[in-house]
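Here the structure is laid out as structure tokens; the discussion comes afterwards.
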Amino acid sequence: MLAAPVSTHALPAIVDQVFILFKDWLVSFLPTSWRPAAGVVLGVIAIVCVFPALFALTTVFERKGLGRMQNRYGPNRVGPYGLFQPIADGVKSLTKEDVVPLNADVMVHFLAPLTLVVTVFMGFAVLPMGRNMALVSLDAGLLFFFSMSAATELSVFMAGWSSRNKYSLLGAMRAVAQMISYEVPLLLSSVAVVMISGSLSLPKIVEAQSGYTGVFPHWYIFTPWGLASFLVFAIAATAETNRSPFDLPEGESEIVAGYHTEYSGFKFALFFLAEYLAMFSISGIGVTLFLGGWSAPLSFLNVVPSWFWFFSKVMLSIFVFIWMRGTLPRLRQDQLMNFAWKFVLPFTLLNLGVTALWRFMGEGWARWVVCSVILVGVYVLMGRVGMFKKHFGPRSYRYAE
Amino acid sequence: MTPVASPLAGYLLLAALLFAIGLAGALTRRNAILVLIGIELMLNAANLNLVAFWRFSPHPEALTGMMFAIFSIAVAAAEAAVGLGLVISIYRHAQTTDLDQMNRMKG
Amino acid sequence: MSPVFYILAAFTVAGGLAAVLLKNTVHCALALTVAFAGLALLFLNLDAQFVGFAQILIYIGAVAILVVFAILLTRGTETPREGVFSRSWLAGLVIAACVFSALGWAVLESARALPHETAVPSVTVHDIGAALLGRYVLPLEIVALLLTSATIGAVIVAMHEKGSAH
């Protein structure tokens, strides 16, 4: 499949498909019957290498970025600009003693990080990371992704429960409750995309967004329902990955480190890895659903290879994650739950109705006006009702006496 | 295992075994939640039957068995929610989930 | 019969047996998850992709979590001293064995009449969606109603009663 529809020049097409061509070249040394299986194995190896490498880079990036936001340097000792910090961290976590609490349920305690990392990695299998660059092209790809992300919740519970530590258990229960609550808006906001594109297959969803009007792309975020869905998706994705401001499961000031309090050494590193991998995969799915996946932001930028666009969009959303962490304070548990069930969920359900309206009003400017007015009106109304009889006075500080 | 020719027979036997395991669990455990777990296993065994019959039916494109399985999954989810809600409510009254101790209706 | 089927069957049965036999309630719930995962893989083996993924999403992602929450809310994490099996366990076991032998006998008796390998059905998610909103739209609506009433019912049943002792 070298016949890329938009690239007219030969060179960009080769650069665009360089990984696929490389894989085909490697596989061509094997007998024909082995080739499909070998291709899948190579794809798995690529995913297992690329994303942990990105994770290592992101940790440095995050610590330096947070340092800048908090008016300090961040890591700057190991290597130039502290770039080799993840290597030092990795060596440290591998050589540390693996402490298992005496009362812990050893089997479950051991299995929890493994099942977590495995289920998180499975989600990458369906992500289209470039033109023709999805590991498996499933007809029900989106459903597969969400079923894998739902399966991570049980690993979190296993970690918290098996540690026999009240902080671990509290953190796990918070994490599971939060992930269940925000999974509903996460799924429903993606359903809007499925309603318009008519497919659960991720490459087809990207294909449906790959057109251009003039130089501007047909991404779903540039429609009223798409923008609303994207915002809900972004909020739910932040909660789903336990990132600030929804990082109650790891609230250091209250429950030490949440469900991985009793993990040390390499197992702790696995939890850390899984958290960042979950961020990558959920960013990848958000990019695929709303930001046109691997398609270029402006039509003349199509000469740049597709995988570059996918990874830059993912890294951009990672930057937004870090920025939010440096900016927003942590929510309270009741605020978190009220927000999910009383604001986000009704708004998402309404958005589904608006999406159906958009689908059946046909082309023209009328649907833009009607859909935007409904969404903005409901947003303002729900905000007013939610804030009714709530008084926000000046902040008062109470110090320990 | 017995030498069975049709793959469908293998699936049906497996489903029967799972159903029996679930039934045994539901009938022998004391904890009400574990009784529910047994019932879930039985429902799943029935789903396996439905999907297996769909796969080996002469007209799989009619989707009958698969639709039945999808609806059955949805109904089982509702059943689990209500059942566990009842168990929690009973626990609040009786401070136990042990079914052998729930004999207040005994004459 | 492929070896894949035997492996998956052993995996599922092991999960199911563990869910019924283990002493610790949380271990039972986790073993139940193994059985659910095995069943999802069996559905995939039967070329029912959609049902397999739905099984993972609903059973592992929701029902197993619900069970685990219920266990924690009823303080069932510790193994009870007086044993985990009911007083009438022998009768239960006999009934289950009878049911299994009856079912197994019926299957084996009719094994010759059962169809052999058939072509892999090509059913896309699009077909399933069309069927759900076409021929099966009434059952779909009824299930929607059932799920709504079950949600409301579960909330009301589990809600704290006003003025109760604790």
From SG (C:Cys28) to CZ (B:Arg29), nearest 0.5 Å: 4.5 Å
Greatest number of heavy atom pairs closer than 4.5 Å to chain B - which of C:Leu39, C:Leu17, C:Val143, C:Val63: C:Leu39
Side chain / backbone / both / neither for C:Phe69 at chain B, heavy atoms under 4.5 Å: neither
Atom group of C:Val123 that falls short of 4.5 Å from chain B, counting heavy atoms: side chain
Aromatic ring proximity C:Phe43/C:Phe50, centre distance under 6.0 Å: no
Among the listed options C:Leu93, C:Val94, C:Leu22, the residue most often paired with chain B at heavy-atom distances under 4.5 Å: C:Leu22
Closest contact, heavy atoms only, B:Gly65 versus B:Trp54: CA-CB, 3.9 Å
Side chain, backbone, both or neither of C:Val67 within contact of chain B (heavy atoms, under 4.5 Å): both
Top contributor to chain B interface from C:Val107, C:Leu103, C:Leu46 [non-hydrogen pairs under 4.5 Å]: C:Leu46
Interface moiety of B:Leu86 toward chain C, non-hydrogen atoms closer than 4.5 Å: both
Part of C:Ala35 lying under 4.5 Å from any heavy atom of chain B: side chain
Residue selection (most heavy-atom pairs with chain B, distance under 4.5 Å) from C:Asn45, C:Ile142, C:Ile128: C:Ile128
Portion of C:Leu140 that has a non-hydrogen atom of chain B nearer than 4.5 angstrom: both
Rounded distance [0.5 Å steps], CE in B:Met66 versus CZ in B:Arg55: 10.5 Å
Non-hydrogen atoms of B:Leu63 and C:Ala131 that approach each other most closely: CD1-CB, 3.7 Å
Residue pair B:Leu23 / C:Phe100, side-chain heavy-atom distance below 4.5 Å: no
Residue selection (most heavy-atom pairs with chain C, distance under 4.5 Å) from B:Leu12, B:Ile88, B:Val82, B:Ile73: B:Ile73
B:Leu36 versus B:Gly83, closest heavy-atom pair with distance: CD1-C, 3.6 Å
Distance (rounded to the nearest 0.5 Å) between C:Ile60 CD1 and C:Ile58 CD1: 11.5 Å
Distance-minimising heavy-atom pair for C:Leu147 and B:Ala74: CD2-O, 3.6 Å
Top of B:Leu17, B:Leu34, B:Val75 for chain C proximity - count of heavy-atom pairs under 4.5 angstrom: B:Leu17
Any donor-acceptor pair under 3.5 Å from C:Ser149 side chain to C:Leu145 backbone: yes
Region of B:Leu48 in contact with chain C, defined by heavy-atom distances below 4.5 Å: both
Residue selection (most heavy-atom pairs with chain C, distance under 4.5 Å) from B:Leu84, B:Ile90, B:Asn47: B:Leu84
Contacting moiety of C:Leu90, where chain B heavy atoms sit under 4.5 Å: neither
Toward chain B, the part of C:Leu32 with a non-hydrogen atom under 4.5 Å: side chain
Nearest heavy atoms of C:Ala40 and C:Gln55, plus distance in Å: CB-CG, 3.7 Å
Among B:Val51, B:Leu41, B:Ile70, B:Asn44, residue most engaged with chain C (heavy-atom pairs, under 4.5 Å): B:Asn44
